[in-house]
Amino acid sequence: MQTCSPMIWSSAVLLSCLVPLFASKPLSRRWNEVVEKHSWAEIPRGWEYHSPAPAEYTFDIRLGLKQDKMDDLVANLMETSDPSHPSYGKHLSKAEAEALVAPHQDSVDAVEAWLQHHGIAPENIVHSTGGGGWVIVRVSVAQAERMLGTKYNVYHHTRSAERVVRTMSYSLPRELLSHVDVVTPTTYFSTLRSMRKTSFLQPNLLAGLVNDVTNALSDLATPKDCGRIITPACLRALYNTTDYKPAATDRNTIGVAGYLGEYANRKDLQTFFTKFRPDAVNSSYTTIQVNGGGDDQNVPGQEANLDIQYTTGMTFPMPNIYYSTAGSPPFTPDSANPTNTNEPYLEWLTFILNQTTIPQTITTSYGDDEQTVPEDYARKVCNLFAQLGSRGSTVFFSSGDYGVGEGDCKTNDGTNRQIFQPAFPASCPFVTAVGGTTGIPETAIDFSGGGFSRYFARPSYQASAVSSYLGSLGNTYKGLYNETGRAYPDISAQASGYQIVVGGKVTSIGGTSASSPTVAGVFALLNDYRLANGKSSLGFINPLIYSTAASGFNDIVQGSNPGCKTNGFSAKAGWDPVTGLGTPNFVKLQELV
Ligand SMILES: *[C@@H]1O[C@H](CO)[C@@H](O)[C@H](O)[C@H]1NC(C)=O
Ligand SMILES: *[C@@H]1O[C@H](CO)[C@@H](O)[C@H](O)[C@H]1NC(C)=O
Ligand SMILES: *[C@@H]1O[C@H](CO)[C@@H](O)[C@H](O)[C@H]1NC(C)=O
Ligand SMILES: *[C@@H]1O[C@H](CO)[C@@H](O)[C@H](O)[C@H]1NC(C)=O
């Protein structure tokens, strides 16, 4: 509300000063006073300037409105996920969560007034409730540039040749800063293909062997075999799930979030079952296509097949959903046709949060370097993961495959300093980040992503575990990592030698991409166990695993995660930024959840 200085206290001014006291909307808003919302010092690495964006190109701008009672949602999440709290396990319904994250009417009014000021008629404004309030408007590049005080360009990704329309900075009227969290697409460049796919093919030495001993292999159920080859049988033995029979399959589901045009293949899954999980033959999973995501059965994806084969391999006969979320088709700079704007996390999150029923366990094997994700964008996405937790879902992310960081690890703020490079969304305190191990007995795998967020403060649930580790670390790496940041991974699992079937052939694959579906499988079985016993799903597990359930993990005390031209962190007794609390022991965890 405007204030009135006594010096200009004339009757005309008096009127305009008093009106806001009685009307709910100020008479005039000051749209000209703009403030920079986010900017980059340099074009994000891997991208190059291509050309100015054509002024007439149209696209959808999404304004993420401030979620009015987000603090209450987080406070509630911390209570309902704290095993010592009376509200433990009392998850929110869709309506209850939406009541907390809905924007305040003042925010809606302010944004609408601003859009009208820019000539956008109310009937062209779309309001979306999925994941709080989003306002979506289709505008031309010229219009977006006027509204956001910026210049849009076409950038191309040097490795994939993918093109996107993005900007190096954007601004908003000061009046809107307290109402709008983020505007997309603006400065988040990372797109489907450039998001790191945390998996890679390993030398195929063992695959030939596997093809020869197909039938014998499903009997390799003793954990010692996990030292050479990973199959569902050896993981089930190693993590003690072999004897558990899912009993709540009418209400418990596991979900896999897939991106990058990766399609899980149904025929390959049957081949995989025949070789590695014979009792599951003829069972399958459901594909849900989000935002026009594909399901081309002629193009089996390695990542998608890995995720589906190991989640089903660990949890059969539990229902399984593969979410295929589309990005944009390659952008053609001379096209005036609207394309979607390639914001994969947001597309999937707004879709899933709009569902009444959400899988109780969800795994995602994709990530970015945190510094390539604008902080306002990362915060918004992280808040949406908090919302998933509050709805009762356990959300896993791979911790990354480059130890403490890939390559030269230079900052992108113009100073070119060398620092460890945390990964996002693993660095979001509302997800459970999964690192990697190898061998029997298990040691840390040398690429296991781990470190400390530069955006997110350390959550209280891990304060004591992390400070013990930092105490033993002393001054080593001081300045290279953020001593007050959220630390990850939280837990870990095997990350090399996974046997998968792609295009009918057995292939060996690794990465924390493999660890996340494995751990998700174990926790999906724990969710089944709780539901079968009349309890609620586990939901957000971090407060639980760092406290009463910490003894349900096999502590990994050997190995390290080199990167950024350093030796990286070392695994130690207790939590460490290489393997977290360790690998799960289902039988022990059953007693603790
Ligand atoms: C949310 O779901 C409702 C009901 O299925 C649907 O009408 C609406 O379009 C959905 N909204 C979004 C943003 O997906
Ligand atoms: C779990 O598996 C390990 C290794 O197979 C085994 O030694 C142990 O007895 C099993 N049970 C428990 C409760 O740890
Ligand atoms: C799988 O389905 C096929 C075709 O319906 C059938 O012939 C086969 O016996 C089934 N196999 C199992 C193990 O159920
Ligand atoms: C460390 O994390 C905090 C959040 O806890 C953040 O405010 C700060 O900027 C970070 N410092 C560095 C050097 O990244």
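Atoms within each ligand, like the ligands themselves, are counted from 1 in listed order. Sequence positions, counted from 1, serve as the residue numbers for this chain. As the structure is a prediction and not an experimental result, all values here were calculated from the model.
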Under a 4.0 angstrom heavy-atom cut-off, which atoms of ligand 1 come close to Ser128? 13 (C)
Heavy-atom count check: over 12 atoms from other residues, nucleotides or ligands less than 6.0 Å from Arg174 CZ? no
Test item: Thr350 side-chain N/O and Leu346 main-chain N/O as donor-acceptor pair under 3.5 Å: yes
Could you label the plane-to-plane angle of the Tyr259 and Tyr366 rings as parallel, tilted or perpendicular, counting under 30° as parallel and over 60° as perpendicular? perpendicular
Where at least one partner belongs to residues 413-434, residue pairs that pass salt bridge (Lys or Arg N to Asp or Glu O under 4.0 Å), sequence neighbours excluded: Asp413-Arg417
Could you tell me, atom by atom, which parts of ligand 4 come under 4.0 Å of a heavy atom of Thr484? 1 (C), 2 (O), 3 (C), 5 (O)
Which atoms of ligand 4 have any heavy atom of Ala457 under 4.0 Å away? 4 (C), 5 (O)
Under the salt bridge (Lys or Arg N to Asp or Glu O under 4.0 Å) rule, collect the residues that match up with Glu42, sequence neighbours excluded. Arg45
With Lys478, which residues qualify under salt bridge (Lys or Arg N to Asp or Glu O under 4.0 Å), at least two apart? Glu483
Short N or O distance, Ser453 and ligand 4, threshold 3.5 Å exclusive: no
Which of these passes side-chain contact (heavy atoms from CB on, under 4.5 Å) with Gln309: Asn265, Thr271, Ile500? Ile500
Pick out the protein N or O atoms lying less than 3.5 Å from any N or O of ligand 3, and list each pair with its distance.
residue, atom, partner, partner atom, Å
ligand 3, 2 (O), Asn282, OD1, 3.2
ligand 3, 2 (O), Asn282, ND2, 2.2
ligand 3, 11 (N), Asn282, ND2, 2.9
ligand 3, 14 (O), Asn282, ND2, 3.2

Which bit of Asn482 gets closer than 4.0 Å to ligand 4, counting heavy atoms only: side chain, backbone, both or neither? side chain
Between Thr253, Thr311, Thr312, which is the residue that forms a side chain to side chain donor-acceptor pair (under 3.5 Å) with Asn320? Thr311
